[in-house]
Every structure is written in C-alpha cells, then in structure tokens.
Number of protein chains: 2
Amino acid sequence: MLDERKKKILQAIINDYILTAEPVGSRTIARKYNLGVGPATIRNEMADLELLGFIEQLHTSSGRVPSEKGYRFYVDSLLAPMSVSEEDREMLTRWYQAKSLKMEEVFQETARMISHMTHNISLVSAPQLTGCKFKYLQFLPLDEQRVIAVIVTDTGYVDNKIMMIPEGATEEDLRRISESINRRLSGMSIGAIKRSIVEQARDEIIPNEKMVTSAIDTIMDVMTARQKEKVYLGGTTQMLQQPEFRNVDKIQTMLSVLEEESRLNDILQEGAEDGIIVKIGQENKCSDIHNCSVVQATYRIDGEVVGKVAVLGPTRMEYGRIIALLKFMHTHLGNLLKGYRG
Amino acid sequence: MLDERKKKILQAIINDYILTAEPVGSRTIARKYNLGVGPATIRNEMADLELLGFIEQLHTSSGRVPSEKGYRFYVDSLLAPMSVSEEDREMLTRWYQAKSLKMEEVFQETARMISHMTHNISLVSAPQLTGCKFKYLQFLPLDEQRVIAVIVTDTGYVDNKIMMIPEGATEEDLRRISESINRRLSGMSIGAIKRSIVEQARDEIIPNEKMVTSAIDTIMDVMTARQKEKVYLGGTTQMLQQPEFRNVDKIQTMLSVLEEESRLNDILQEGAEDGIIVKIGQENKCSDIHNCSVVQATYRIDGEVVGKVAVLGPTRMEYGRIIALLKFMHTHLGNLLKGYRG
DNA sequence: TGTTAGCACTCAACGAGTGCGAGTGCTAAT
DNA sequence: ATTAGCACTCGCACTCGTTGAGTGCTAACA
C-alpha cells in the first residue's frame with residue numbers, strides 16, 4: 001500500500017506534529033529524523049501523501065498536518081505495540097499508594113490520574129449492576145413516623161431510603177411486609193421484578209397495603225438508579241494545556257458536552273468489545289467532539305466486563321502512550337477494584 | 001459621606017458597568033441617566049469619586065470602572081432591597097416542578113438552576129451532620145465471608161460498609177457485638193465517640209475482638225466522611241459567557257480552584273452568620289478569586305442552619321438580582337428540602 | 001530513474017505607522 | 001456652581017511592507 005519510505009516519512013510527520021502541534025515541513029523532517037534523503041525528496045513524497053489523503057495543508061506554503069485518515073493509518077499500521085514506560089508505571093503505582101482506599105473514590109482518582117498523566121480529559125465508567133439481583137429488603141427503625149428501607153443486592157451493593165410508616169402499622173406489620181416481599185422477589189433481576197409486577201398487578205401481592213407499594217417503588221428506584229452507570233470525569237483543567245483549547249469557544253462547547261451525563265455515555269462506545277478502541281475525529285458519534293479522538297478500554301472483574309476507561313483529547317494526541325496506558329488499565333484496574341471491595 | 005448627586009452618579013456608573021462590562025464615560029452617564037447635569041459636571045464629580053477611591057481608571061482617557069470599595073459602597077448603601085422579579089420567580093417554580101424528586105439531586109439541580117439564571121458559578125453545600133449522633137449499628141448478612149455494617153444516625157442518615165467476617169464468628173457473635181457497641185456508643189456525637197475511644201483504649205471494650213475494632217472504624221469513617229459537607233457545583237460553562245472569562249488563563253485558574261473540594265470549602269465562609277454575605281474581590285480569603293465576588297446565603301431546616309448557597313462570579317456581577325435570588329433561597333430552600341425528605 | 005540543488009512563489013505573522021474615537025482635564029465664560 | 005470649548009491622551013483597528021518558513025517546479029546530476 002505505502003512503500004517503506006513513505007511510511008517512515010508519514011510516521012515522522014505525525015510524531016513531530018503530535019509533539020509540537022505545529023504544521024511540519026520537509027526541512028524539519030530531513031533535519032530531525034535522518035532518513036538519508038534531502039528535503040526536496042521529502043517534499044515530493046509529501047505531495048504524494050497529500051494526494052493519498054494522509055496529510056493536509058492548511059494553506060499553500062504551510063507545513064503539513066496529519067488528516068484523520070493519516071491518524072487512522074498511524075494507529076493501525078505504524079504504531080509499534082508498546083507498553084507503559086518505566087516512568088509512567090512508577091507514577092501509576094505511586095498514585096494509588098498515596099491515596100486513601102474508598103471504593104467510590106477509586107474511579108474518581110483513576111480519572112484524575114489519567115488526566116494528569118496525559119493532559120487530556122479522562123472518563124471512567126463505574127460498574128453497572130445490570131445483571132445483579134435483588135437480595136433482600138429490611139426495615140430498620142428510625143423514629144415514630146419513619147423507617148429506613150435498606151435494599152441489598154447479591155453483589156453487595158447496599159442502598160437505602162427513608163419511608164413514612166403508615167398510620168397504625170406496627171413493627172410486626174413491617175416485618176411481615178418485608179418478609180413477604182423478600183419471599184416473592186428475592187433473587188430476581190430488576191427486569192424480572194418489573195415483569196413480575198406487571199403480571200400480578202402489584203397491589204394484589206398483599207391487597208391494600210400502601211406500605212408494600214412504596215417499598216417496591218423504593219426497590220425499583222434504587223436498582224434503576226444504579227443501572228445507569230455513573231461516569232467519573234477528570235482533567236477539565238488539564239485539557240486547557242493543549243494548544244487546541246486555547247480558544248474559549250472550543251472550551252465552551254467541550255465543557256457543555258462534559259456537563260451532560262447523557263453525552264458522556266454517548267462518548268463511551270456502547271457495543272464495547274473487550275479491548276482497546278480508538279475513535280478518531282468524525283468516527284465519533286457525538287458531533288460536538290468531531291475534532292477530538294477517544295481511546296477507550298474496557299476493564300473486567302472476574303472475567304466479566306464491568307466498566308470502561310477512556311481518554312478524550314484533540315485528534316493530535318499521544319496515541320502510543322495513551323493506548324499503552326489504557327491497555328495497562330484494561331488488565332489491572334479490575335483487580336485493583338476487586339481488592340478494594342473488602 | 002457622599003452628597004446625593006455623587007451617590008446617583010456612582011450608582012449610574014456601577015449599574016452601567018455591570019450591564020455593559022465596559023468602562024463608562026461622563027458622556028454616557030449624562031445621556032443614558034438624565035440627572036439634569038451636563039457631562040462636564042459629571043466629569044468633575046467623577047474626578048472626586050476617583051480621588052475618594054470609589055472608581056478607577058485603567059489608563060488616562062478611558063472611562064471609569066468601579067473599584068472594590070465602590071462595589072462595597074454600592075452593595076451596602078446604594079442597593080435598594082429588592083425581591084426576585086416575576087420572571088425569575090416563575091423560572092424558579094418551573095424548574096423544580098419539571099425535575100424528578102431525588103433528595104440528592106435537589107442540591108445539584110439548585111446549583112445548576114442558579115448558575116443558569118445568573119450566568120455565574122453556583123455552589124450549594126449539602127447539610128452537614130456535625131452535630132448529629134450515632135444511633136445504632138446493625139449487621140446485615142451478605143454471604144459467607146462478608147456482612148454489611150449499616151450505620152444509622154439520629155437525623156436519618158444511613159450509610160454502610162462491607163466487612164469481612166472473622167473466621168469462626170457466628171451470627172450470634174455478630175449480634176452480640178453490635179448490641180454491645182450500640183449500648184456503649186448510641187446517642188453519642190462523633191466527637192464524643194472519639195473521646196470515648198481514646199479514654200478506654202478501644203480493644204478494652206470487648207477484648208480481643210478484631211470485629212469490634214473494625215466496626216468502630218467503620219462508624220468513625222462514615223461519620224467523619226459525612227462531617228465534611230459536600231459542595232455541589234454548577235455553571236462552569238455559564239461563567240464562560242462573562243467577558244472577564246474570555247481569557248483562557250483565567251478560565252484555567254478558576255477551573256483548578258473549582259476542582260479541589262477543599263478550595264470550595266474555603267470559598268464558602270465558615271462563620272456563616274444566618275443571612276446574606278457579600279464578599280467582594282480581595283475580601284475573599286482564597287487568593288485565586290481575588291477578582292471575583294461571592295454572594296452567599298445560609299438555609300435552614302426546622303430553624304437550624306444546615307447549609308449554604310452561593311454565587312461566585314466576577315466582581316462585576318448583578319448584585320441586586322443575585323442577592324434577591326439568594327434571599328429567596330435562604331427562606332425557601334430549607335422547606336423545599338424538608339418536603340423531599342419523605 | 002531516483003535524487004537533489006536552485007529558484008520563484010505563496011502566505012501567515014509581525015511590526016511600524018496612521019487615523020479615529022471615546023474619554024479626560026483644564027480654563028474661561030455664564 | 002455649571003458648562004462649553006479645547007487640547008491632549010490612549011487604545012483600537014487598519015494598512016502596508018517585510019520577513020521567514022514552506023512549497024512546487026525544473027533542470028542537473030549520479
């Protein structure tokens with residue numbers, strides 16, 4: 001497809017552009033990357049590469065800039081598979097060691113760390129409980145008017161809601177209600193609960209018990225709330241260091257994208273095959289980030305894909321380093337989280 | 001202190017500057033606000049006002065800009081107490097009606113709404129449990145190795161942690177432990193628990209029970225975590241509309257302030273007398289926002305101050321409207337939250 | 001035939017020079 | 001005490017020539 005020399009030149013151009021963010025000219029290539037040919041030759045090759053669509057010129061007589069096609073080729077064919085540098089690896093381990101150990105914070109800290117290391121925005125999606133099952137409900141006393149409904153799932157996630165006690169209900173009544181609900185719904189997934197409720201219209205379970213309906217509502221609430229996976233975000237300040245964001249309007253559109261949780265979910269690719277995905281520019285669905293790239297990795301706990309880690313930045317990003325970093329996360333983040341579970 | 005006409009002129013200058021964000025000249029004042037005097041007179045008065053330190057000139061032959069002292073005087077003496085406009089009031093009610101009803105989200109939505117209405121950053125601090133008391137601890141079963149420790153406070157806040165079951169411990173043991181802990185610690189504030197633990201070195205309570213120490217750790221964790229009040233944030237995009245943030249570096253410093261939760265707590269004033277506080281420019285402790293102002297209000301539930309709402313923006317902000325809005329929040333937000341409790 | 005040196009050409013970026021306009025301070029007249 | 005008039009100050013926008021990095025093309029060369 002591309003002869004060896006063209007490949008080398010393209011690689012040099014992209015590497016240089018990633019480093020400097022400035023259009024790169026033939027002279028620069030000849031000087032910095034000694035390919036054994038003069039600038040004139042490189043000019044000719046560059047003209048070819050431009051015709052083929054791998055690089056672009058902003059205007060006549062400016063250096064060349066990689067096109068999206070160019071980046072795509074770079075990522076697919078020119079990038080030697082690399083692993084995280086010694087430096088990065090050290091940073092990684094140190095980061096986690098220094099921090100406290102709350103499960104919830106691991107996601108946030110991971111996002112923060114990645115954004116610090118890459119100077120780009122980082123997204124970390126927390127495990128979703130799609131598959132998890134309702135285990136039991138228990139009422140705990142609070143005061144005369146209210147009880148706490150605690151909902152436990154089989155994966156160990158716990159949530160609670162405060163509920164009013166209907167007039168005249170005794171402690172015994174509450175125990176009876178929770179037992180009855182647990183008997184019927186325990187072990188069911190949220191989908192199953194929904195179906196079950198629709199089938200036997202909910203107030204048939206125990207007729208005329210307001211408490212039951214609101215208890216079930218609570219269960220549904222908690223479980224659906226958890227089903228939407230939460231996306232943690234880091235590095236909005238970091239991104240400002242990138243020269244492509246020295247423009248306030250770009251910052252504004254980017255920030256408004258990041259403010260909407262739904263848009264964040266659009267950025268993280270659904271179908272999530274297990275591994276690394278790189279989406280360059282227009283390949284992104286979300287049109288507001290058409291001049292950005294996303295590198296995304298899944299991570300697993302006990303072999304099952306439970307979440308994603310991603311880096312979002314200008315198309316001109318350090319693909320090599322970022323891919324290596326996310327590959328590392330892909331294999332290690334799950335284990336790390338597992339450790340935090342206890 | 002200031003004769004009537006000077007006051008009027010100062011007011012006109014500040015109003016105009018708040019509106020336009022451009023230095024305002026004598027001619028403008030004379031034309032737009034007919035004070036019955038010509039521009040030359042106004043020039044003389046402005047020269048006086050400048051000498052007194054209420055207004056400043058960026059360079060000779062530019063219009064005047066209010067100084068911090070000017071804003072201070074404006075807020076203290078020139079601002080007629082006003083209530084929220086019909087428009088704003090409508091927006092307020094509509095906003096809350098349209099949204100769903102989760103307690104946690106009320107803070108976030110409030111911040112978002114205020115920032116939308118004012119085009120400034122908004123901070124809402126959630127109720128802190130400083131004064132609250134530990135009520136009881138209960139273990140709920142999870143699986144063979146683990147239990148869920150649920151901690152309940154007297155204000156109805158519930159949190160939980162997953163704990164490993166020590167080898168050989170039976171369900172009965174757990175019940176005994178929780179009972180023992182509850183007997184000793186129930187009704188105590190976190191400070192009291194800390195003291196109590198120091199006094200009777202913790203493993204004396206029930207000697208040699210690892211479970212007890214980690215249960216108490218859990219209680220401490222949960223209660224200290226809640227003691228730091230969480231601050232919700234809204235309007236990072238909104239602030240970019242302000243002309244003073246058309247500069248990337250300013251955005252950067254501002255965003256990095258907002259990223260650190262500790263800095264947010266610095267912005268919200270501690271001593272929090274019950275009412276509205278306006279801090280202008282240098283009056284702010286946090287040096288990174290020395291060219292910003294903060295308007296802050298407390299809000300109460302059942303008469304007790306539980307949190308704060310604030311607006312953060314350039315010193316050139318619509319003090320009148322914002323103060324009115326926060327006064328409204330001061331009186332109504334508590335009630336609103338109370339409604340969501342159920 | 002591929003490579004290179006040389007040359008003319010292009011175009012953004014920079015800086016100096018200019019005119020304009022909004023604004024001021026001062027002074028003298030009202 | 002107020003104001004009209006005038007000279008003066010600057011920032012801002014605009015123009016225009018210069019510079020420099022870069023290109024494409026052509027002819028010479030190995």
Side-chain angles (χ1 to χ4, degrees), chain A residues 2-10 12-17 19-67 70 243-244 246-247 316, chain B residues 2-10 12-17 19-67 70 243-244 246-247 316:
Chain A
L2 239 51
D3 76 52
E4 208 50 44
R5 191 171 66 189
K6 280 199 175 60
K7 279 187 190 174
K8 277 207 171 135
I9 290 175
L10 180 56
I13 293 172
I14 297 185
N15 280 337
D16 204 78
Y17 186 66
L19 213 68
T20 64
E22 307 243 311
V24 21
S26 54
R27 170 180 301 244
T28 317
I29 299 295
R31 221 184 316 117
K32 289 198 352 193
Y33 310 78
N34 37 356
L35 306 176
V37 292
T41 314
I42 291 173
R43 273 208 288 284
N44 289 329
E45 296 286 49
M46 282 167 99
D48 291 353
L49 285 170
E50 183 166 7
L51 267 177
L52 291 167
F54 290 110
I55 52 180
E56 288 167 345
Q57 237 174 343
L58 302 177
H59 37 255
T60 348
S61 92
S62 86
R64 304 308 215 287
V65 159
S67 68
E244 19 278 277
R246 296 308 294 181
N247 166 332
R316 179 193 66 76
Chain B
L2 242 50
D3 76 52
E4 208 49 46
R5 192 171 65 188
K6 279 199 176 58
K7 279 187 188 174
K8 278 208 172 136
I9 290 175
L10 179 56
I13 293 172
I14 298 185
N15 280 337
D16 205 77
Y17 185 66
L19 214 67
T20 63
E22 308 240 311
V24 19
S26 53
R27 171 179 300 243
T28 318
I29 299 294
R31 221 185 316 117
K32 291 203 342 201
Y33 310 79
N34 37 358
L35 305 177
V37 291
T41 313
I42 292 173
R43 274 206 287 284
N44 288 330
E45 297 287 49
M46 283 167 98
D48 291 353
L49 286 170
E50 184 165 7
L51 267 177
L52 291 168
F54 291 110
I55 52 180
E56 288 167 345
Q57 236 174 344
L58 303 178
H59 35 255
T60 350
S61 93
S62 84
R64 303 309 212 288
V65 160
S67 69
E244 20 277 278
R246 296 308 293 181
N247 166 332
R316 180 194 65 77

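Computed from a predicted structure; not experimentally measured. Protein chains get the first letters and strands the later ones, always in sequence-line order, with residue 1 at the start of each.
Rounded to an integer number of Å, the gap from A:L49 CG to D:dG22 C1' is 17 Å. For A:E22 and C:dA13, the CD to P distance is 10 Å, given to the nearest whole Å. Atom P of nucleotide C:dT4 and atom CZ of A:R31 are separated by 16 Å, given to the nearest angstrom. A:E56 has its CD atom 15 Å from the P atom of D:dT23, to the nearest Å. Atom pair A:I42:CD1 and D:dG22:C1' shows a separation of 13 Å (rounding to whole Å applied). We find that CD of A:E45 is positioned 12 Å from P of D:dG24, with the value rounded to whole Å. As a whole-Å value, the separation of B:R27 CZ from D:dT3 C1' is 14 Å. Atom-to-atom, CD of B:E50 to P of C:dG23 comes out at 15 Å; the value is rounded to the nearest Å.
Taking the side chain as every heavy atom from C-beta outward, A:L49 and A:L2 approach each other to under 4.5 Å. Taking the side chain as every heavy atom from C-beta outward, B:E22 and B:P243 never approach each other to under 4.5 Å. When side chains are defined from C-beta on, A:R5 counts as touching A:T41, because their heavy atoms get closer than 4.5 Å.
Between the side chain of B:S61 and the base of D:dT9, at least one donor-acceptor pair of N or O atoms lies under 3.5 Å.
B:R43 has no side-chain polar atom (N or O) that falls below the 4.0 Å cut-off from OP1 or OP2 of D:dC6. Distances shown here put a side-chain N or O of B:R64 below 4.0 Å from the OP1 or OP2 atom of C:dG25. Between B:T28 and C:dG23 there is a side-chain polar atom (N or O) within less than 4.0 angstrom of OP1 or OP2. Between A:H59 and C:dC11 there is no side-chain polar atom (N or O) within less than 4.0 angstrom of OP1 or OP2. The side chain of B:S62 contributes no N or O atom lying less than 4.0 Å from OP1 or OP2 of C:dG23. Taking only side-chain nitrogens and oxygens, B:S26 comes nearer than 4.0 Å to OP1 or OP2 of C:dT24.
Between A:Y33 and A:N15, the side chains place no donor N or O within less than 3.5 Å of an acceptor N or O (distance only, hydrogens not considered).
Among the nucleotides C:dC11, D:dT9, C:dG25, the one closest to any side-chain atom of B:T60 is D:dT9. The side chain of A:R5 has C:dT3 as its nearest neighbour among C:dG25, C:dT3, C:dT4.
Around the NZ atom of A:K6, the shell of radius 6.0 Å holds more than 12 heavy atoms that belong to other residues, nucleotides or ligands.
Positionally, the nearest nucleotide of DNA chain D for B:G38 lies more toward the 5' end than for the other of B:G38 and B:L58. Mapping B:A40 and A:V24 onto DNA chain D by nearest heavy atom places B:A40 closer to the 5' end of the strand.
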